[in-house]
Amino acid sequence: MSQSHQQPALSKCPGCEEPPVAGDLFCGACGYDLSAVPARPDDRPTMAITVPPASPAAEAVRWPTAEETDSSDVPAPVVRPADVPGTDSGGRPLTEPDTPDAESGRGAASPSGPVQTGGPVRTGGPVRTGGPDSAAARVRHDDRADPGGAEASGDFALAAPDPRAPEHAAAPAVAPAPGAKVCVACRSGRVDADGYCENCGHAQPRERDHMEQELDAVAAVSDRGLRHHRNEDSFAVSSTALPDGSPAVVAIVCDGVSSASRPDEASAAAASAANEALLESLPRGTHPQQAMHEAIVAASEAVNALAQEPAGAREHDAHRHQNAPACTLVGAIMASGLLIVGWVGDSRVYWVPEDRTQPTARLTEDDSWAAQMVAAGLMNEAEAYADERAHAITGWLGADAYELEPHTAAFKPDRPGLVVVCTDGLWNYAESAEEMAAAVPADAQEQPLHAARALVGHALDGGGHDNVTVALLPFAVRPQGAGSACDTV
């Protein structure tokens, strides 16, 4: 997750004298509690900001009413290319060329393409208390730290080696017995009951540290990265059939908020609940956009339930954060020729056309401090993203969320392409739509799992400062007159 305020930099850990990573609350080598270091006076992990009513220029794009209706008799806001002018998170038309911003180092949004973005379309309205016209909004800072520490989370104190590093051995080792677990570092030593290699001494990664899954029409990869003690991201991918027998493909990606307690549990609960809700509602004939809205609500309820843990259950950890478990969520559904996206937080969905000469696009708007300042007309994009608070999130799933407003939008691409669903652990290294397209391998349509692995590698090569999760959904469009408007590969 993104961060703004950080702990003062230390030259070395007081426990093991290893240099710590800026912003970590616990030493990555020995697990020493770094929170005893005095925070800067202006460090406010959770703060309230006042936002005046948005200016007319910042109003969301109004989507045209479609003929179809969803299961709630609400018009389904499906749009075709060029029906409305898409806008990026800074409110700029997607028809404008991408120009680098010299002041902030960021690029403007990508040009208009086969998929247009508009203001987020909300189906059903806010769920939690606090109306949409409320002047106050809460901001949550993710400290890029493990709030529970290695011991509290059950992780091993030592970081596992980079899985892409060359194999090496500290000393000759006897081949492990058949069926015994082999060390991922030296590839020869046996792993003992404590999770360490008896040959080279490396701590072994947990099962969740690197996860992969591939279905016929979707693939996802999640990796702990190179800095975190554990993987606080989670994902769920699945496929089902609509009542008419046509396929529906689902991808849900969640990112735990590190400044909250049990972020790994929050992301796992949210991803599972959203996926189960979609697999239940889509086969019943619920409109995909309404189904996505309901799935986000179900995910929120699952995360809220984690906060009901009995008081004192973790009293043994005096330094544990008391914030309720929290995470962000982003998801995509491909069904009946439509692409439905839904989100809360700052994880994103990108559209990358198969023909790379065509424009790319980002289909989501961040729930972040910077995006809010730009939308409210208080700052321009350069000023907002140059601020240290730029990536503080203003929307998340959790019992202490100000309010839950699931954002959903529907698109109808007119050409084949790739849908990229990812956490900020990836897009921090490929922020603009053009940068993301450049990072996606050319054969991603045919080999989505290979492409997902390559994108995770792109983030690791960039530093791997956060957990990295990406799901890829190839989207194919049949030629006009060939029957269905869309079919998944």
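Just so it is clear, the values below take in all heavy atoms, side chains as well, and ignore hydrogens, waters and symmetry mates. The residues of the chain are indexed from 1 along the displayed sequence.
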query: Can you name the closest pair of heavy atoms from Ala220 and Val237 and give their distance?
result: CB-CG1, 3.9 Å
task: Show your reasoning for whether side chain to side chain contact (heavy atoms under 4.5 Å, CB included) applies to Val421 and Val470.
output: CA-CA 6 Å; Val421 185; Val470 58; over 6 Å; no
- prompt: Hey, mind stepping through Asp424 and Asp466 against side chain to side chain contact (heavy atoms under 4.5 Å, CB included) and telling me if it holds?
  reply: CA-CA 8 Å; Asp424 62 342; Asp466 201 354; 3.4 Å; yes
task: Would you please test Leu397 and Ile296 for side chain to side chain contact (heavy atoms under 4.5 Å, CB included) and show each step?
output: CA-CA 9 Å; Leu397 305 181; Ile296 296 176; 4.3 Å; yes
- prompt: Does a side-chain heavy-atom distance below 4.5 Å link Leu282 with Val250?
  reply: yes
query: So does Asp366 pair up with Arg348, basic N to acidic O under 4.0 Å?
result: yes
field: Short side-chain donor-acceptor distance under 3.5 Å, His407 and Glu405
entry: no
query: In Å, rounded to the nearest 0.5 Å, how long is the span from CG of Asn467 to OG of Ser258?
result: 6.5 Å
message: Regarding Ser222 and Asn231, do their side chains bring together a donor and an acceptor under 3.5 Å, going by distance alone?
response: yes
Residues Arg362, Val349; criterion side chain to side chain contact (heavy atoms under 4.5 Å, CB included); working and verdict: CA-CA 6 Å; Arg362 173 155 64 91; Val349 177; over 6 Å; no
message: Minimum heavy-atom separation for Pro243 and Pro283, please, with both atom names.
response: CG-O, 3.3 Å
- request: Ignoring hydrogens and angles, tell me if any N or O in the side chain of Tyr350 forms a donor-acceptor pair with the backbone of Glu431 under 3.5 Å.
  value: yes
message: Using modelled atom types and a 3.5 Å cut-off, is there a donor and acceptor pairing between side-chain atoms of Asp209 and backbone atoms of Arg224?
response: no
message: Any carboxylate oxygen within less than 4.0 angstrom of a Lys/Arg side-chain nitrogen, looking at Arg415 and Glu354?
response: no
- request: Dump the intermediate steps for side chain to side chain donor-acceptor pair (under 3.5 Å) on Asn275 and Ser238, then the final yes or no.
  value: CA-CA 7 Å; Asn275 186 61; Ser238 59; 2.6 Å; yes
message: Over 60° means perpendicular and under 30° means parallel, so tell me whether Phe475 and Trp351 are parallel, tilted or perpendicular.
response: perpendicular
message: Quiz question: by atom type and distance under 3.5 Å, do the side chains of Glu232 and Ser267 form a donor-acceptor pair?
response: no
Atom of Leu472, atom of Ala451 and distance for their closest heavy-atom approach: CD1-CB, 3.5 Å
task: Please check if the side chain of Trp343 supplies one atom and the backbone of Gly331 the other of a donor-acceptor pair under 3.5 Å.
output: no
query: Where is the tightest heavy-atom contact between Leu426 and Leu455, given as atom of each residue plus distance?
result: CD1-O, 3.4 Å
task: Using only heavy-atom distances, determine whether the side chains of Asp255 and Thr423 contain a donor-acceptor pair under 3.5 Å.
output: no
- prompt: How about Asp346 and Ser368: does a side-chain donor come under 3.5 Å of a side-chain acceptor?
  reply: no
field: Sub-6.0 Å ring centroid separation between Trp427 and His391
entry: yes
